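First comes the structure, then the notes that go with it.
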Amino acid sequence: MPTITLPDGTLKRYDSPPTGYDVAQGISEGLAREAVALELDGRLRDLHTRIENDARVRLITTRDPEALEIMRHTAAHVMAQAILRLFPGARLTIGPVIEDGFYYDIDMAPISEEDFSRIEDEMEKIVQARLPVERREVAKDEALTLYRDEPYKREMLQDLADGTISLYRQGDFTDLCRGPHVPHTGFVKAFKLTKVSGAYWRADQTRAQLQRVYGTAFFSRKELKAYLAFLEEAKKRNHRKLGEALDLFSFHEEAPGMAFFHPKGMVIWNALLDYWREEHRAAGYVEIKTPILLKRELWERSGHWANYRENMYTTTVDETEYAIKPMNCPGGMLLYASRPHSYRELPLRAAEVGLVHRHELSGVLSGLFRVRAFHQDDAHIFMTPDQIREEILGVLRLDERIYHTFGLDFLLELSTRPEKSIGSDAQWEQATDGLRAALEDYGREFRINEGDGAFYGPKIDLHIRDALGRTWQCGTVQLDMSLPERFDLTYVDRDNSRRRPIMIHRVIYGSIERFLGILIEHFAGKFPLWLAPVQAVVLPINDDLAPYAREVCGQLGEAGLRATVDDRSESLNRKVREAQLQYIPLILTVGQREREAGSLSVRTLDGVVRHGVTHAAFFERVQSHVRQRRLNLDLFND
RNA sequence: GCCGGCGUAGCUCAGCUGGUAGAGCAGCUGAUUCGUAAUCAGCAGGUCCGCGGUUCGAGUCCGCGCGCCGGCUCCA
């Protein structure tokens, strides 16, 4: 006679053990219709699980976040079922749910996106059939017999603990699976296959190459449409397309993975760095610069030769081996060690916008997001152990200031000691506690990423969230317990003893190239005034007014604005259109009326036109907007 | 690096089963002088990614490279 406790505290008594579905129906028909699973004493289970004993029960409906994952897992099964029907020789491996959908790794002949529509058609049939999804539990031996011809499933079974194994069946398809699943395939209402690629069995390059087919699924067509619209929007914002359309940068075969910055791209670049320098000066940093080509022995000493050689570009000059720096730190160490330091100088905050090269695999290159040459907005902070907390806090506050200037929110993550690491337990504990204490002082939520630290120390990562809600890891603060040792860095303490400084590496933009790429997508190419390559364009309404337009443009230049004149013999409509398409934040039209009144007609990127704006009002507004680095594009909108 | 897709004018793309390259936009020239998202006309523009091969003949078929895109792995 089980008694069931519902989330609101209601107790329900049953004469015989009910299933989750029975419970739902006992509450309402609607609930029974929307229920996809249940949570039994905190564990997710199939809806048709029989509840034998007293338990806390929560019904999971299509509105609960867990439901989507459960349904997507079923969707992966539906896809696998469809693929098996169409490609009889295929062998299934694993098919998990991922952030935006699911995938299934299948050992089969390569397929392409052209095969998607027939797989989707087959899936549709399975969904329409509303096949019940049934769980069956068997002994491990039995499962092994069942899967005698499925090498991958056998391998997975071997790794599972002895005991019962669960199988899920829907119609002619059975798969080894932990579950839970939705009650029937009809719940997979709106789905779409998104991409296909190669992936290795167990992510091991020496093992079989599988086909990884990706898909996504939602409970309603509307949600699927919204997701596809999001993908469409992301595609429109693609920084590679916008970078070309706005003439910001380009890539060339002669230097794969290395960006060429055009004049307009450099304007943004410089604006980013001007701002960065302003903030760093205010935060007590000094700036340094170290060479990019350094001898092999330096890299041996720093440990890069042993640990990072694969990614380094090397060369031999006069029979001496050199490497192009993949990181700035060893150079920074030399600079620190070039003279004695007193405790009075610490913390010493040395920033460096360093150009580094890393030989990334050709297949991973991707616009500005993944390149082989990039600039890090690096800094190394040398300090005494009791300064750790305050210094880390200072870095976090600087991160926050800078990200907020771009309208970017961020998430924090603390990564602790990995398996392969150097240093003593005591050192790690001290370092990790230092970071944690700083995070706690800082007061924002943070996630712990166990075992994901660098081999030389723990770190805090900052993930920014862009306008589309996507996150990107940009900032990082890493405590380094190795380099000060290897380079024998010291400072003289108040008691005249030589001490080892603590050092952190940190970046805020991360890679300037990548950060710029993120900003292009974040702003969809519509840069705020302070970053816009061309801030204003002056359009004379006819050729007679061109000289006056040039005069106005000159005044804008004197006021510190980046302005141009479009005095081509084209229609005004055309010039307005082109200026809008270039996302120029201020489109200024001058005609007879403006010349006589000494005013401007101002069009902002929201398409709003304001006539009769006086020069004084214009300059006042625009200059303060730039000075404050404000983000709104409708900058005359009070 | 691996798997799949792609590579035709500055850009976006067309080019059927092999018969010797085409459009729109951009550019140039001229006309038009215009009040807030494309004025009109003419002209010019191509080692069809590269190198080999098959063929009487290759943008099209085959092989090998290179680059780009989507993933795998790693990371900023």
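Order of the sequence lines fixes the chain letters, A, B, ..., with proteins taken first and strands second; residue numbering starts at 1 for each chain. Every value quoted in this text rests on a predicted model; they were computed, and no experiment measured them.
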> What nucleic acid atoms does A:Q580 come within less than 4.0 Å of, heavy atoms only: base, sugar-phosphate, or nothing?
Replying inline: base
> Of the nucleotides B:G1, B:C75, B:A37, which has the atom closest to the A:R577 side chain?
Replying inline: B:A37
> Taking the side chain from A:Q478 and the backbone from A:K459, do they hold a donor-acceptor pair closer than 3.5 Å?
Replying inline: no
> Has A:Y214 got its ring stacked on B:G71, by the test of a centre gap below 5.5 Å and a plane angle below 30°?
Replying inline: no
>> Donor-acceptor pair, distance only, cut-off 3.5 Å: does the side chain of A:R506 make one with the backbone of A:D377?
In response: yes
> So what does A:V356 hit on the nucleic acid, given a heavy-atom distance under 4.0 Å: a base, only sugar-phosphate, or nothing?
Replying inline: nothing
> To the side chain of A:L361, which of B:C34, B:U73, B:C3 is closest?
Replying inline: B:U73
>> Pairing donors with acceptors under 3.5 angstrom, does anything connect the side chains of A:D100 and A:T216?
In response: no
> Expressed as a whole number of Å, how far does the C1' atom of B:G10 sit from that of B:A44?
Replying inline: 14 Å
> When you match A:L581 and A:S511 each to their closest nucleotide on RNA chain B, which lands nearer the 5' end?
Replying inline: A:L581
> Given the C1' atoms of B:G65 and B:G27, what is the spacing between them in whole Å?
Replying inline: 34 Å
> Watson-Crick or G-U wobble partner for B:G42, using a 3.5 Å limit on both distances?
Replying inline: B:C28
> Taking A:E352 as the fixed residue, which of A:K325, A:R277, A:K289 is the one that meets the salt bridge (Lys or Arg N to Asp or Glu O under 4.0 Å) rule?
Replying inline: A:K325
> Do A:H522 and A:F406 make the cut of ring centroids closer than 6.0 angstrom?
Replying inline: no
>> Please compare A:R593 and A:S571 by the position of their nearest nucleotide in RNA chain B and report the one closer to 5'.
In response: A:R593
>> Could you identify the nucleotide paired to B:A23, looking across every strand shown and requiring Watson-Crick or G-U wobble geometry with both distances under 3.5 Å?
In response: B:U12
> Across the strands shown, which category fits A:R212 at heavy-atom distances under 4.0 angstrom: base, sugar-phosphate, nothing?
Replying inline: sugar-phosphate
> With sugar-phosphate meaning primed atoms plus P, OP1 and OP2, does A:V364 contact a base, only sugar-phosphate, or nothing at under 4.0 Å between heavy atoms?
Replying inline: base
>> Can you identify which nucleotide, out of B:G35, B:C2, B:A76, has its nearest atom closest to the A:Y200 side chain?
In response: B:C2
>> Just N and O in the side chain of A:R202: are any of them under 4.0 Å from OP1 or OP2 of B:C72?
In response: no
>> For A:T432, is there any backbone N or O sitting under 3.5 Å from a side-chain donor or acceptor partner on A:R417?
In response: no
> With a non-hydrogen cut-off below 4.0 angstrom, is A:E310 in contact with a base, only sugar-phosphate, or nothing?
Replying inline: nothing
>> Under 4.0 Å, counting only non-hydrogen atoms across every strand here, what does A:K241 touch: a base, just sugar-phosphate, or nothing?
In response: sugar-phosphate
> Whom does B:G57 pair with, Watson-Crick or G-U wobble, provided both distances fall under 3.5 Å?
Replying inline: none
> Is it true that the side chains of A:H625 and A:N632 contain a donor and an acceptor less than 3.5 Å apart?
Replying inline: yes
> Can you tell me the Watson-Crick or wobble partner of B:C51, both distances under 3.5 angstrom?
Replying inline: B:G63
> What nucleotide among B:C11, B:U33, B:G35 has an atom nearest to a side-chain atom of A:I541?
Replying inline: B:G35
>> Side chain of A:N542, heavy atoms from C-beta onward: which of B:A76, B:U33, B:C72 has the nearest atom to it?
In response: B:U33
Got a list of protein N/O to nucleotides 63-70 of chain B N/O distances below 3.5 Å?
from	atom 1	to	atom 2	distance (Å)
B:C66	O2'	A:E253	OE1	3.3
B:C69	OP1	A:R240	NH1	3.0
B:C69	OP1	A:G367	N	3.4
B:C69	OP2	A:L365	O	3.4
B:G70	OP1	A:R240	NH2	2.8
B:G70	OP2	A:R240	NH1	3.3

> Phosphate oxygens OP1/OP2 of B:A76: is one of them under 4.0 Å from a side-chain N or O of A:Q473?
Replying inline: yes
>> On the side chain of A:D544, is there an atom forming a donor-acceptor pair with the base of B:U33 - under 3.5 Å, no angle test?
In response: no
>> Using atom C1' in both nucleotides, what's the gap between B:U12 and B:G7 to the nearest angstrom?
In response: 14 Å
>> Considering every strand and a 4.0 Å limit on heavy-atom distances, what is the contact class for A:E513: base, sugar-phosphate, or nothing?
In response: nothing
> Just checking A:D543: base, sugar-phosphate only, or nothing, at a heavy-atom cut-off of under 4.0 Å?
Replying inline: base
>> Are A:F369 and A:H239, when compared by the centres of their aromatic rings, separated by less than 6.0 Å?
In response: yes
>> Using modelled atom types and a 3.5 Å cut-off, is there a donor and acceptor pairing between side-chain atoms of A:E513 and backbone atoms of A:H375?
In response: yes
>> Checking base pairs now: Watson-Crick or wobble, both atom distances under 3.5 Å. What partners B:C68?
In response: B:G5
